[in-house]
Every structure is written in structure tokens, then in C-alpha cells.
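Written out below as C-alpha cells is the structure these notes cover.
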Amino acid sequence: MDSQTSQPSPASPSPHTFQVDLRGLVDLLSHHLYSSPKVYLRELLQNAVDAITARRAGEPDAPATVRLYAEGGTLRVEDSGVGLTESDVHSLLATIGRSSKRNDGLESARSDFLGQFGIGLLACFVVAERIRVVSRSARTPDAAPVEWTAADDGSYTVRTLPHEARTEPGTTVHLVARAGAGEWLSEERVRSLARDFGALLPYDVRVGDEPIADLPAPWDRPYPSPAGRRVALARHCHELFGFVPLDSIDLDVPVAGIRGVAYVLPSAVSPAQRAGHRVHLKGMLLTERAEQLLPDWAFFVRCVLDTDSLRPTASRESLYEDETLAAVREALGERIRSWLTGLAAGDPERLAAFLSVHHLGVKSLARHDAEMLRTMLPWLPFETTDGRLSLEEFAQRHPVVHFTRTVEEYRQVAPIASAQGVGVVNGGYTYDSELIEALPAVRPGTVVSELDADTVTAHLDAVDPAEELALSAFLGAARARLDPLNCDVVLRAFHPMSVPALHLDDRAARHEQARAEAEEQADDLWAGILGSLRGSAPRARLVLNHLNPLIRRISSLGDPDLMGTATESLYGQALLMAQRPLRPADSALLNRAFLGLLEWATHTDPGKDDRR
């Protein structure tokens, strides 16, 4: 026998059950889980449709009807579904979070159900103060009808009814509106919501005697011709989204259980604008704001589709981000890509109309997709010195495709480069420079070169050395005046003659200017660090046009100060023409030059006044 005395084990603590404040839970549902009280009707339709689905799993020929009757702040919903026994009522309706879809007898049909979360009738408390359910089971034909009545304070009663209270299997739900919510149970609102949520449901659903289903779906209906189908879908889009589409794209992905259509917007939208797509789950509208359904580049379409594969979130108002949704997103993106390539191959007029509005979306796709770039190359428009052309057309005209990375750089050089016969593409708009640089990959042999100040200057005609030497005093005064601004002065001859001066810089020069300005404002430590970063980057340059009459007159002035002031004015005018942002030093220079010229123009010899 063990000499040690055995110690008694501590008593196990008694388990406790969570207590639920139903009113608090309803408030949580209405203000945080659901976006609107209207979801109560979706939950009622969902429960009714799931009950019919469950019954038909064992009785394929069972009736499939849902009837809604609204009157005087009350709503009655009748279905011919599987129904409930008294034990079902206690275990399902009275237990928050418990779903009938978890019942072992229904597990085999679970994939056919719309609901998955067991919230069920709780959503009805958002608009109703009392819920009454009368049900008769189809699985237990001998069971008497049962009545479950619940109030929003969390209390409920269950009682068995006489057999004649409900002779056929199924369930009837009665709602009585809470104060201030009567409008949600009006016949007009119930009909509108039922049509919105249940237009694609496969069963006979009616509000009163009026059917709400609109089957087959518009994209599945037979039409006499492709043109007739296009017109019908355009009408459907206008009814659904409020616009007449440029075109419609079939979204048929059988492997994902998806059928639907994408409508192409008739006007441009920002790529950052989140698109709202309508998604039906097994016929029931799940959400009209599905933002993650398509790839980001496909912002130019709005979709409506029906699926049986995507997974809803707990609120059933958005899609759960998982591998299935990612695969569907890729498949739908490929379908839209195929539509684009089909237009390029067989309908150039419609493609041109589309690109005139949505070229930005196609460029977004083409920069990551060589095949799409190759397909769209003859169609994508770019701003060039030859007008609005595709890269293919531009490359056929010019041996070297020069481009700028910013709109400001393009505006600086476009007029001058065009006059010199140098073709330039504006790569400053979204995605354009990336596409231009990708051009050699899809068009072998094409030379692409970024245009900088040195290239532009090299294409301008040099001035005769003797003439430039004769203007050395003027050039020296001009360079001295602009040297503090880190700008050189160059004399060239170029067309058009009407342009007196051209301001040229590049990113390297602007970076050096920014570094120098930061160095001036920094303390000794940071000034030393910034000074060590000083590079050999070229300075900006003011190119004076020797062919311009104004330049010739300024160069003949004998007053060095006046020549310097005139040079500052030319510098400021060239900056403004290039639409370059002005630094504080540039603004001060413009102000000083303006006042200097005004002073010179209004200067009067005092002796002349005395002789008047």
C-alpha cells in the first residue's frame, strides 16, 4: 500500500450558458451587420426557398410556391417547404445561431441552400416587434402543426395546433411591424423588395397574385438576332444601372457555375472608383455592391450575374475573399480580355468607340500583358507631335520613338521638336511611358529613347561662331544674371521664329536644383551631407533663338543691366510657356523683371520736364 495519502481532486466547475440580450442583438444586426432594414425580406425569402429545396430533396415533385401578403403593417409569408415539428421549433427557431442546414437529415442537400449562418428570423426583428410562425412538417406527416410566437424582448411561446389549422406541409410567417417601421411592411415596398431580391429565383414566388420572378434571365433568353439581343440587354442595363451601355459582354463560366453579363460604361470613370456589381446566389440577390468581383483594371464595366459557387459573408451583403473568388475573378477578367481581342479582330468601329472612352483601362491591362499590347497596339491612342496616333503608326513614321516622362517636359519640347522634324510621344499620362518602353518587346527593331535637354539642343541649329562672338557681351550678361538660378544660357537658331526662348531641363537637373535649395535651407550638418551628394547633373538651360527679332534687339542694347532684366523676362516667359511650376526664386525673378521693365519704360529725363 502506498504510504502517501491520496489527495482528493478538486471538484469540476459547473458549466454556465451564455445569456443573450435579444434587443441588444437586434440592434447589433440593424446597425452593424446589415446595411439596411430591407434585408429582412431577403431572409424570409431565403428561408422559404431553402425549405422548398429541402423538401424537394426527398420529394422531387413537391409543390414549390412562396406567397407574400402585406396589409396594414403586417406581412404574411407562406411556403410549401419542408416544414417543422415541435422539436424542430425548439432546437432551431429558439436557438440563436442554430441553422436547419446543420440538421443531419438535410446535410446531403446543404450545397443547394442559400443560407449558411442560422441568423434566420432574427433579421425580421429589425422591422417587426412580434413574429409568429405556423408550420407543419412534410417529413413527419402525422405530426400536428406547431405555432412559435416570439417578441423582441427575447420571450417566446410554442404550442401545438389542431390538425385543421394547417392541412398541407409548409410554413407561414406572420410579422407585426414595430413602431416607425410600418412602411417596410407596406405592399408596395414588399413588392419592390421581392422583385429586387427574388427576380431570378427558380420557384413560383408571388406578392399577392403578382409573380416577381423574371425568368429566364435576360442573358439566357432566346432572341431573334444578335442585334435584337443587344437592344434587349441595353434595355435591361438601363433598368438595372441607369445607363445605356456601349456594349455587353457575356460572362459564361460553367466551371464556376456563373452566368451573367458585363455592361460597358458609356462614359469614362476614374480607375480609383470602386465599381458596384450585382451578384445573385442561386437566384437570390446577394449584393449590388460587389467590389472585388473583377480585376482592378476592369473598372469600365458593371456586372450582373448568378452563381452557385461563391461564398457570402455573414451579413450576406458581400463576397468572402477566398481561393474560389480569386479564381472567378481571373476567369471573368479573361472573358473581358477575350471580348477586347475579339473587337480588335472583327469590329474595329466598336473598338474605336470603346477606346475613345476607356483607353486608360486597356492601357492598364496592356502594360502587364504582352499579348494584349500586341493586339491593342494599332488602336491605343497617344498624344504625339504628329497628332493623336497609335504607337504603331508613330513608329512607322519615325526611326526613333522619342518620348518624355512628364507632361511638362512634353510641353517644353513639343513645338520646337516638331518644327525640327523630331517626333515625340507624350509619356506623361498614366501608364503611357511604361507602354512606350515595352514597345520593342512586341515590335522588334523599334528604337525607343527618352528625350532630354541634350537631345533637343543637339537638333537645334548652331549659330555661326563669328556671330556668337559678336554677341559675347550680351551672352555674358545673360549668363551672369541666370547663374544664381542654376540655369545656363545657350544661343541657337530654330523654328518657329516666333518663339524667342526655350527653357529646357530634365529630371536630373531638377533633382540637382531641389538638392541645392535644400542645402541652402539646411543647418551645417545637413548642408554638408547634401553638399556631398552634389552630382554632375546638367543644369537647366535657356535656349535663345537667334532667328527671333526680339532676341536680336535685346542683344544690341548697350546697357548690361537692361540686358540682364530682359533676360530674366525671357526666362520667366519660357517657364510660363512650358507650364512649369514656379519656385519661390522664379516668382521673385518674374516680379523683379516686370517691375524693372516697367521702370525702364516709364523712366523720364528730369531735364525734359523742365523744358515743357
Side-chain angles (χ1 to χ4, degrees), residues 37-57 59-84 88-89 92-93 100 112-115 120-121 123-128 130-139 141 145-150 161-177 181-216 280-285:
K38 69 181 182 180
V39 297
Y40 87 92
L41 193 68
R42 184 193 64 201
E43 295 294 338
L44 288 174
L45 286 176
Q46 170 186 301
N47 288 343
V49 170
D50 283 345
I52 294 172
T53 301
R55 183 176 179 184
R56 283 200 158 187
E59 301 178 58
D61 296 328
T65 61
V66 181
R67 298 290 183 266
L68 297 91
Y69 303 96
E71 183 180 2
T74 65
L75 175 65
R76 185 171 85 255
V77 182
E78 301 177 353
D79 69 66
S80 59
V82 70
L84 301 171
D88 292 333
V89 167
L92 302 177
L93 297 186
S100 61
D112 294 327
F113 292 124
L114 298 174
L121 291 175
C124 295
F125 280 121
V126 174
V127 297
R130 186 162 56 88
I131 302 173
R132 176 171 169 259
V133 178
V134 176
S135 186
R136 182 164 188 164
S137 174
R139 295 182 180 276
V146 62
E147 177 191 70
W148 177 83
T149 304
L161 301 179
H163 283 270
E164 58 270 16
R166 185 177 181 99
T167 58
E168 296 295 329
T171 300
T172 301
V173 179
H174 303 261
L175 300 185
V176 177
E183 192 269 339
W184 288 103
L185 270 61
S186 67
E187 184 177 10
E188 182 179 357
R189 177 59 69 92
V190 168
R191 182 183 297 108
S192 174
L193 293 178
R195 284 175 176 167
D196 200 32
F197 285 120
L200 300 184
L201 288 175
Y203 300 139
D204 179 11
V205 183
R206 300 175 183 239
V207 176
D209 295 327
E210 183 177 341
I212 63 139
D214 189 20
L215 295 175
H280 294 255
L281 180 61
K282 302 180 181 70
M284 180 75 74
L285 178 65

Checklist line | Residues Asp204 and Arg67 bridged, charged N to O under 4.0 Å | finding: yes
Next item on the list: Start with the C-alpha distance between Thr149 and Ile131, add both sets of side-chain angles, then the distance that settles side-chain contact (heavy atoms from CB on, under 4.5 Å), and finish with yes or no.
Entry: CA-CA 6 Å; Thr149 304; Ile131 302 173; over 6 Å; no
Item checked: Separation between CG of Leu45 and CG of Leu285, rounded to the nearest 0.5 Å -> 11.0 Å
Notebook entry, point to check: What are the two closest heavy atoms between Ala177 and Gly182, and how far apart are they?
Noted result: CB-CA, 3.8 Å
Next item on the list: Would you check, one step at a time, whether the test side-chain contact (heavy atoms from CB on, under 4.5 Å) holds for Leu200 with Asp214?
Entry: CA-CA 6 Å; Leu200 300 184; Asp214 189 20; 5.6 Å; no
Notebook entry, point to check: Is Glu147 paired with Arg132 through a side-chain N to carboxylate O contact shorter than 4.0 Å?
Noted result: yes
Margin query: Exactly one of Trp184, Phe125, Tyr40 should register a side chain to side chain contact (heavy atoms under 4.5 Å, CB included) with Leu175. Which one does?
Written below: Tyr40
Item checked: Heavy-atom pair with the smallest gap, counting every atom of Val207 and Ala194 -> CG2-CB, 3.8 Å
Check: Rounded to the nearest 0.5 Å, how far apart are CG of Asp196 and CZ of Arg191?
Finding: 14.0 Å
Notebook entry, point to check: Do the side chain of Ser137 and the main chain of Leu84 share a donor and acceptor less than 3.5 angstrom apart?
Noted result: no
Check: Does atom CD of Glu183 have more than 12 heavy-atom neighbours, drawn from other residues, nucleotides or ligands, at distances under 6.0 Å?
Finding: yes
Check: How many angstroms lie between CG in Leu215 and CG in Leu201, if you round to the nearest 0.5 Å?
Finding: 8.0 Å
Check: So which heavy atom on Gly73 is nearest to which on Leu185, and how close?
Finding: O-CD2, 3.5 Å
Check: Would you say the side-chain atoms of Thr171 pair up with the backbone N or O of Val134, donor to acceptor, closer than 3.5 Å?
Finding: no
Notebook entry, point to check: Can you find a heavy atom in the side chain of Leu68 that is under 4.5 Å from one in the side chain of Val205?
Noted result: yes
Next item on the list: Quick one: closest heavy-atom pair of Asp209 and Pro211, and the distance?
Entry: O-CD, 3.4 Å
Item checked: Spatial distance of atom SG (Cys124) from atom CG (Asn47) [nearest 0.5 Å] -> 7.5 Å
Note to self: Can you confirm whether the side chains of Tyr203 and Thr53 place a donor and an acceptor under 3.5 Å from each other?
What the structure shows: yes
Notebook entry, point to check: Do we see a donor-acceptor contact under 3.5 Å between the side chains of Thr172 and Arg166?
Noted result: yes
Checklist line | Donor-acceptor under 3.5 Å (Thr74 side chain, Glu71 main chain) | finding: yes
Check: So how far is it from Phe197 CZ to Ser192 OG, rounded to the nearest 0.5 Å?
Finding: 9.5 Å
Checklist line | Straight-line distance of Asp50 CG to Arg55 CZ, nearest 0.5 Å | finding: 15.5 Å
Note to self: Atom CD of residue position Glu59 - does it have more than 12 heavy atoms of other residues, nucleotides or ligands inside 6.0 Å?
What the structure shows: yes
Next item on the list: Ignoring hydrogens and angles, tell me if any N or O in the side chain of Arg56 forms a donor-acceptor pair with the backbone of Gly81 under 3.5 Å.
Entry: no
Next item on the list: Using a strict cut-off of less than 4.0 Å between a Lys/Arg side-chain nitrogen and an Asp/Glu carboxylate oxygen, indicate whether Glu78 and Arg76 qualify as a salt bridge.
Entry: yes
Check: How about His163 and Arg136: does a side-chain donor come under 3.5 Å of a side-chain acceptor?
Finding: yes
